[in-house]
Amino acid sequence: MTEIVLFHHAQGQTEGFVGFADELRAAGHTVHTPDYFDGRTFTSVEEGVGYRDEVGQEELTRRAAAAVDGLPAEVLWMGMSLGAVFAQLEAQTRPGALGAVFLYGVLPPEALGSAWPAGLPAQVHGMVDDPWVDWDAEVAPFAEASGAEVFRYPGARHLFGEVGNADYTSDAAGLLRDRVLAFASRVG
């Protein structure tokens, strides 16, 4: 099956995050889950963003890159919210990527200093009224540059696909998982 690198969101490697990775593993995929928060978890996105600001984006980027150093080039890069930035940076700059999946946000390619690789498949998932997702300024330019599949789910929650999270929404989460698993099988 497919080798996947899954970067966590601002709450860290919560039980729901680990559960999502385990679902990918149960489908036959090899999943790496770099922990650039050094084991710390937070009860809210805001607390995790505070930690990001305290540590600094540059240091977290260094930690994320160090955690995947030595992994094969041919992986599916996947990230949740804050982790989507690290997944996008790797997919966009490391030759050989199989594809990318961005859960709960993505940036325009030029925000990371380079173009999206021609022909590299991608998916973006998020809720229509998620206050953390900027559909017009971030997702739309990414989709235009990459040709990504974009899935907009009804609602205003952020980490809606994570079991146990306050934002969890079962119907949308089930559809998200089906789409992600199909994509992972397709690119692998």
Side-chain angles (χ1 to χ4, degrees), residues 1-10 17 20-21 23-24 27-34 57 61 64-65 68 71-162 167 169 171-188:
M1 295 299 276
T2 306
E3 192 154 358
I4 299 170
V5 175
L6 175 62
F7 289 101
H8 64 78
H9 48 69
F17 169 83
F20 187 84
E23 286 187 50
L24 295 169
H29 304 292
T30 300
V31 183
H32 305 275
T33 54
Q57 187 69 26
T61 301
V68 299
L71 289 178
E74 299 80 18
V75 301
L76 171 57
W77 297 99
M78 196 177 295
M80 296 180 166
S81 191
L82 174 61
V85 173
F86 305 121
Q88 184 177 350
L89 185 61
E90 294 296 334
Q92 199 166 306
T93 61
R94 246 180 141 175
L98 299 174
V101 175
F102 306 112
L103 308 175
Y104 327 123
V106 71
L107 295 173
E110 62 272 9
L112 298 178
S114 64
W116 186 254
L120 184 63
Q123 285 187 340
V124 179
H125 299 263
M127 283 198 160
V128 173
D129 295 316
D130 180 344
W132 293 94
V133 175
D134 191 331
W135 291 98
D136 295 329
E138 295 175 347
V139 179
F142 176 80
E144 184 177 329
S146 67
E149 297 176 282
V150 176
F151 299 103
R152 295 174 62 147
Y153 303 81
R157 296 178 179 226
H158 188 52
L159 304 175
F160 67 90
E162 184 174 312
D167 287 345
T169 307
D171 290 345
L175 189 52
L176 177 145
R177 280 177 171 70
D178 290 346
R179 289 170 169 164
V180 169
L181 287 170
F183 184 80
S185 293
R186 193 167 63 239
V187 301

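The residues of the chain are indexed from 1 along the displayed sequence.
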*Asks:* Please give me the minimum heavy-atom distance between Glu3 and His32, naming the atom from each residue.
*Replies:* OE2-NE2, 2.6 Å
*Asks:* Would His158 and His9 satisfy side chain to side chain contact (heavy atoms under 4.5 Å, CB included), going step by step from the backbone distance to the final call?
*Replies:* CA-CA 10 Å; His158 188 52; His9 48 69; over 6 Å; no
*Asks:* Please report the closest heavy-atom contact between Ala184 and Thr2, naming both atoms and the distance.
*Replies:* O-OG1, 2.6 Å
*Asks:* Provide the closest heavy-atom pair for Met127 versus Ala156 in the form atom of the first, atom of the second, distance.
*Replies:* SD-N, 3.7 Å
*Asks:* Does any non-hydrogen side-chain atom of Val85 lie less than 4.5 Å from one of Thr61?
*Replies:* no
*Asks:* For the CZ atom of Phe160 and the CG atom of Leu103, what is their distance to the nearest 0.5 Å?
*Replies:* 7.5 Å
*Asks:* Can you find a pair of side-chain heavy atoms, one from Phe7 and one from Trp77, that are under 4.5 Å apart?
*Replies:* yes
*Asks:* Distance check, rounded to the nearest 0.5 Å: Glu162 atom CD versus Arg157 atom CZ?
*Replies:* 13.5 Å
*Asks:* Below 30° counts as parallel, above 60° as perpendicular, anything between as tilted: where do the rings of Phe17 and His8 land?
*Replies:* perpendicular
*Asks:* Tell me every residue that passes side-chain contact (heavy atoms from CB on, under 4.5 Å) with Glu144, counting only those two or more places apart in sequence or in another chain.
*Replies:* none
*Asks:* Contact between Tyr153 and Asp171 at the side-chain level, heavy atoms closer than 4.5 Å - yes or no?
*Replies:* no
*Asks:* What verdict does the side chain to side chain contact (heavy atoms under 4.5 Å, CB included) test give for Val5 and Phe86, after you've listed the backbone C-alpha separation in whole Å, the side-chain angles of each residue and the deciding distance to 0.1 Å?
*Replies:* CA-CA 10 Å; Val5 175; Phe86 305 121; over 6 Å; no
*Asks:* Quick one: closest heavy-atom pair of Arg186 and Glu149, and the distance?
*Replies:* NH2-OE1, 3.0 Å
*Asks:* Phe20 versus Leu176: any side-chain heavy-atom pair under 4.5 Å?
*Replies:* yes
*Asks:* Does Asp178 have more than 12 heavy atoms from other residues, nucleotides or ligands lying within 6.0 Å of its CG?
*Replies:* yes
*Asks:* Atom OH in Tyr104, atom CE in Met80: separation rounded to 0.5 Å?
*Replies:* 5.0 Å
*Asks:* Output all residues satisfying ring-ring contact (aromatic ring centres under 6.0 Å, His included) with Phe183, sequence neighbours left out; order by chain, then residue number.
*Replies:* none
*Asks:* Just how far is it from atom CD of Gln92 to atom CG of Leu112, taken to the nearest 0.5 Å?
*Replies:* 5.0 Å
*Asks:* Determine, step by step, whether Gln57 and Leu82 satisfy the side chain to side chain contact (heavy atoms under 4.5 Å, CB included) criterion, reporting the C-alpha distance in whole Å, the side-chain angles of both residues, the deciding distance to 0.1 Å, and the verdict.
*Replies:* CA-CA 10 Å; Gln57 187 69 26; Leu82 174 61; 4.0 Å; yes
*Asks:* Parallel under 30°, tilted from 30 to 60°, perpendicular over 60°: which one fits the rings of Phe142 and Phe102?
*Replies:* perpendicular
*Asks:* For a quick test of reading the model, state the closest non-hydrogen atom pair linking Trp116 to Gln88 and the distance between them.
*Replies:* CZ3-CG, 4.0 Å
*Asks:* I need the Glu23 CD to Arg177 CZ distance, nearest 0.5 Å.
*Replies:* 4.0 Å
*Asks:* Is the closest side-chain heavy-atom distance between Val133 and Val124 below 4.5 Å?
*Replies:* no
*Asks:* Would you call Arg152 and Asp130 a side-chain contact if the rule is heavy atoms closer than 4.5 Å?
*Replies:* no
*Asks:* Glu90 and Val75: side chain to side chain contact (heavy atoms under 4.5 Å, CB included), yes or no, with the steps?
*Replies:* CA-CA 10 Å; Glu90 294 296 334; Val75 301; over 6 Å; no
*Asks:* What's the shortest heavy-atom distance between Leu107 and Ala111, and which atoms?
*Replies:* CB-CB, 4.2 Å
*Asks:* Just so I know, are the side chains of His29 and Leu76 near enough to count as touching, which here means a heavy-atom distance under 4.5 Å?
*Replies:* no
